[in-house]
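Working notes for the structure below.
Positions are given from 1 along the sequence. What you see is a predicted model; the values in this text were computed from it and never measured.
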Amino acid sequence: MFGTENQEIEQYNTSVDINKLPMFTRPELAAYDGSHKPEIYLAIRGFVYDVTSNPKNYGPGKSYHKLVGRDVTRLLGLNKLVIRKDGDEAVDTWSTDDFSDKQHQAVDKWIQFFRKRYRVVGLVVGHDP
């Protein structure tokens with residue numbers, strides 16, 4: 001994805017009405033991992049991005065597949081690509097209350113990266129954008 005397509009995506013994301021986007025619960029978002037549905041989504045700070053166009057990185061069995069179907073804000077801010085588990089529940093992957101300014105800046109850079117390349121297609125319920 002280069003040039004005009006990126007500009008179109010970025011323009012779409014800038015003008016999208018977040019009040020009209022569908023809401024996803026965490027379990028609903030988890031279904032969009034490319035295994036059970038063809039679409040591949042991930043979220044950052046509650047905004048759901050459609051990364052379906054990049055199956056070489058986000059598709060089943062690929063290097064970033066472990067990031068799809070969830071909100072990865074915390075992982076990106078901590079620069080960790082490992083999903084920890086506490087018991088049977090996944091650790092809250094979007095809480096950034098304990099982040100430093102540097103970690104918040106890292107998340108902001110990731111948001112810029114995704115907003116230029118992938119369409120925002122929804123919001124995660126329980127997250128205040």
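- Side-chain atoms of Y49 and R115 include a donor-acceptor pair closer than 3.5 Å.
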Would you sort out whether R74 and D97 count as a salt bridge (charged side-chain N to carboxylate O under 4.0 Å, His left out), showing the intermediate values?
CA-CA 10 Å; R74 186 162 185 81; D97 293 343; over 6 Å; no

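- Residue L78 holds its CG atom at 9.0 Å from OG of S100, rounded to the nearest 0.5 Å.
- Using a 4.5 Å heavy-atom threshold, the side chains of N6 and Q11 count as separate.
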Evaluate ring pair (Phe, Tyr, Trp, His ring centres under 6.0 Å) for F99 paired with H104, printing each intermediate quantity in order.
CA-CA 6 Å; F99 271 20; H104 281 293; 5.6 Å; yes

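- For the pair R45 and I111, the tightest heavy-atom approach, listed with the atom from each and the gap, is NH1-CD1, 3.7 Å.
- The nearest pair of heavy atoms linking V124 to V48 is CG2-CG2, 3.9 Å.
- Residue R119 holds its CZ atom at 7.5 Å from CD of E8, rounded to the nearest 0.5 Å.
- The heavy-atom pair separating L21 from V120 by the smallest distance is CD1-CG1, 3.6 Å.
- The line from NZ of K20 to CG of L123 is 14.0 Å long, rounded to the nearest 0.5 Å.
- Closest approach of L42 and V68 over heavy atoms only: CB-CA, 4.1 Å.
- For the atom pair CD of E5 and NZ of K116, the computed distance is 15.5 Å after rounding to the nearest 0.5 Å.
- A distance of 12.0 Å separates CG in D108 from CD in Q103, rounded to the nearest 0.5 Å.
- Environment of CG in D101: sparse, with no more than 12 heavy atoms of neighbouring residues, nucleotides or ligands closer than 6.0 Å.
- Using modelled atom types, no side-chain atom of T73 and backbone atom of I44 make a donor-acceptor pair closer than 3.5 Å.
- Not a single donor-acceptor pair under 3.5 Å links the side chain of Q105 to the backbone N or O of K102.
- Taking CG of N54 as the reference point, atom CZ of R117 lies at 10.0 Å (rounded to 0.5 Å).
- Side-chain contact between P38 and T52 is absent, with no heavy-atom pair separated by less than 4.5 Å.
- Ring planes of F114 and Y118: tilted class, angle from 30 to 60°.
- Aromatic pair Y41/Y32: centroids less than 6.0 angstrom apart.
- For the residue pair V107 and G77, the shortest heavy atom distance occurs at CG2-CA, 3.5 Å.
- Of the possible donor and acceptor atoms, one in the side chain of H65 sits under 3.5 Å from a partner among the backbone N and O of D33.
- Annotation for L76 and A106: closest pair O-CB, 4.4 Å, computed over non-hydrogen atoms.
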